[in-house]
Amino acid sequence: MGKVKFGAKDFLYGVVENDLVPEGSVKLPGLTEVKMELKNELKSLAADDGPYVTLSGGISEATLDVKVYDINTEAKQSWFGIDVKKGVEMYSKDLIPNDIAVMFQTHMEDGTKVYVGMLKGKFSLPGIDTKTMDGAPDPSADESTGTFAPRGDSDDGMMVVIGREDNKDFDLEAFKKYVFPSTAEDVKALDPATPSKSASN
């Protein structure tokens, strides 16, 4: 029987510095929707009067559209490096967004959790979309799109990781360490364990 995924919760983010996340992760409440898109370049070659081979250039683009009821000032400082003076958010003309790692959770109909991590991306500035009240409040969520690049080596760096509880070897703590590594050892959190010398003798 097939399974379906639904729901979106527990959106976490952390600032990436030199491929590490030294300050750890922060939870951003109010997540209403996430949409991840991955594009891989494919090229079909013809020969002998028909399709011959399809070549892949790997992942060419990874984006994450996020809708949160309020992207708060703390998140904006982390994501965009804005200044805050006397409680006022200051957006300079030459603002340069920081690299951000993110993680969120969805689940299957049987309750099995699925975790998605995107490892190094910059987010677009959210605008404001609001309207006058007419009866019950009907607020709009803040929207921002993250564009992600490989973390680590530009040739074989990692962009996205997906962890599922129904995979027998899944370890949530190792997954979270990998998405938000504070040390070089954390970057290896998903590597296979190396047998000890005593075990191999």
Side-chain angles (χ1 to χ4, degrees), residues 2-17 21 23-40 59-84 87-93 95-151 158-165 172 175-176 178-181:
K3 292 186 176 182
V4 295
K5 290 189 286 288
F6 56 91
K9 62 186 290 190
D10 294 342
F11 187 85
L12 304 173
Y13 69 86
V15 179
V16 179
E17 299 176 11
V21 185
E23 300 299 320
S25 62
V26 177
K27 184 173 182 178
L28 183 61
L31 179 67
T32 67
E33 186 177 332
V34 286
K35 180 181 179 182
M36 181 178 72
E37 287 193 4
L38 302 177
K39 293 181 181 177
N40 61 319
I59 297 176
S60 60
E61 184 178 345
T63 60
L64 185 71
D65 295 325
V66 179
K67 292 184 180 181
V68 179
Y69 273 123
D70 178 41
I71 300 178
N72 59 38
T73 298
E74 181 185 4
K76 289 174 184 174
Q77 285 180 290
S78 296
W79 294 16
F80 313 118
I82 64 169
D83 288 329
V84 178
V88 177
E89 300 174 2
M90 311 289 288
Y91 296 80
S92 68
K93 179 178 178 294
L95 178 148
I96 299 175
N98 292 318
D99 286 319
I100 302 295
V102 301
M103 175 178 160
F104 61 91
Q105 176 190 321
T106 184
H107 61 273
M108 303 291 191
E109 81 281 359
D110 63 359
T112 300
K113 296 173 184 174
V114 178
Y115 299 89
V116 178
M118 300 186 75
L119 306 182
K120 184 181 178 181
K122 296 183 188 298
F123 279 87
S124 63
L125 287 165
I128 295 177
D129 180 8
T130 188
K131 54 193 173 186
T132 189
M133 257 179 57
D134 181 15
D138 184 20
S140 298
D142 290 342
E143 297 185 37
S144 182
T145 299
T147 301
F148 287 77
R151 190 175 75 190
M158 204 60 58
M159 298 177 76
V160 178
V161 288
I162 299 175
R164 298 170 54 116
E165 283 187 332
L172 177 57
F175 182 88
K176 191 172 179 182
Y178 184 82
V179 176
F180 304 113

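- Not a single ring-ring contact (aromatic ring centres under 6.0 Å, His included) links Tyr91 to another residue, sequence neighbours left out.
- Residues passing the side chain to side chain contact (heavy atoms under 4.5 Å, CB included) test with Pro126 are Ile71, Lys76, Phe80, Asp142, sequence neighbours excluded.
- With sequence neighbours excluded, the residues satisfying side chain to side chain contact (heavy atoms under 4.5 Å, CB included) with Glu74 are Tyr13, Val26, Asn72.
- More than 12 heavy atoms of other residues, nucleotides or ligands sit less than 6.0 Å from atom NZ of Lys120.
- Closest of all the heavy-atom pairs between Val179 and Val102 is CG1-O, 3.6 Å.
- For Phe180, the ring-ring contact (aromatic ring centres under 6.0 Å, His included) criterion is met by no residue, not counting sequence neighbours.
- Partners of Ser124 under the side chain to side chain contact (heavy atoms under 4.5 Å, CB included) rule, at least two apart in sequence or in another chain, are Ser144, Thr145.
- Listed by chain and number, the residues in a side chain to side chain donor-acceptor pair (under 3.5 Å) with Lys122 are Asp99 (sequence neighbours excluded).
- With sequence neighbours excluded, the residues satisfying side chain to side chain donor-acceptor pair (under 3.5 Å) with Lys35 are Glu37.
- Minimum interatomic distance between Ala75 and Leu28 (heavy atoms only, all atoms of both residues): CB-CD1, 4.1 Å.
- Side-chain atoms of Arg164 do not come within 3.5 Å of backbone N or O of Thr112 as any donor-acceptor pair.
- Not counting sequence neighbours, the partners of Met158 by the side chain to side chain contact (heavy atoms under 4.5 Å, CB included) test are Leu119, Val161, Tyr178.
- Taking the ring-ring contact (aromatic ring centres under 6.0 Å, His included) definition, one finds that Tyr115 meets it with Phe170, sequence neighbours left out.
- Under the side-chain hydrogen bond (donor to acceptor under 3.5 Å, both in side chains) criterion, the residue pairs touching residues 23-34 are Asp10-Lys27, with sequence neighbours excluded.
- Thr73 is linked by a side chain to side chain donor-acceptor pair (under 3.5 Å) to Glu89, counting only residues two or more places apart in sequence or in another chain.
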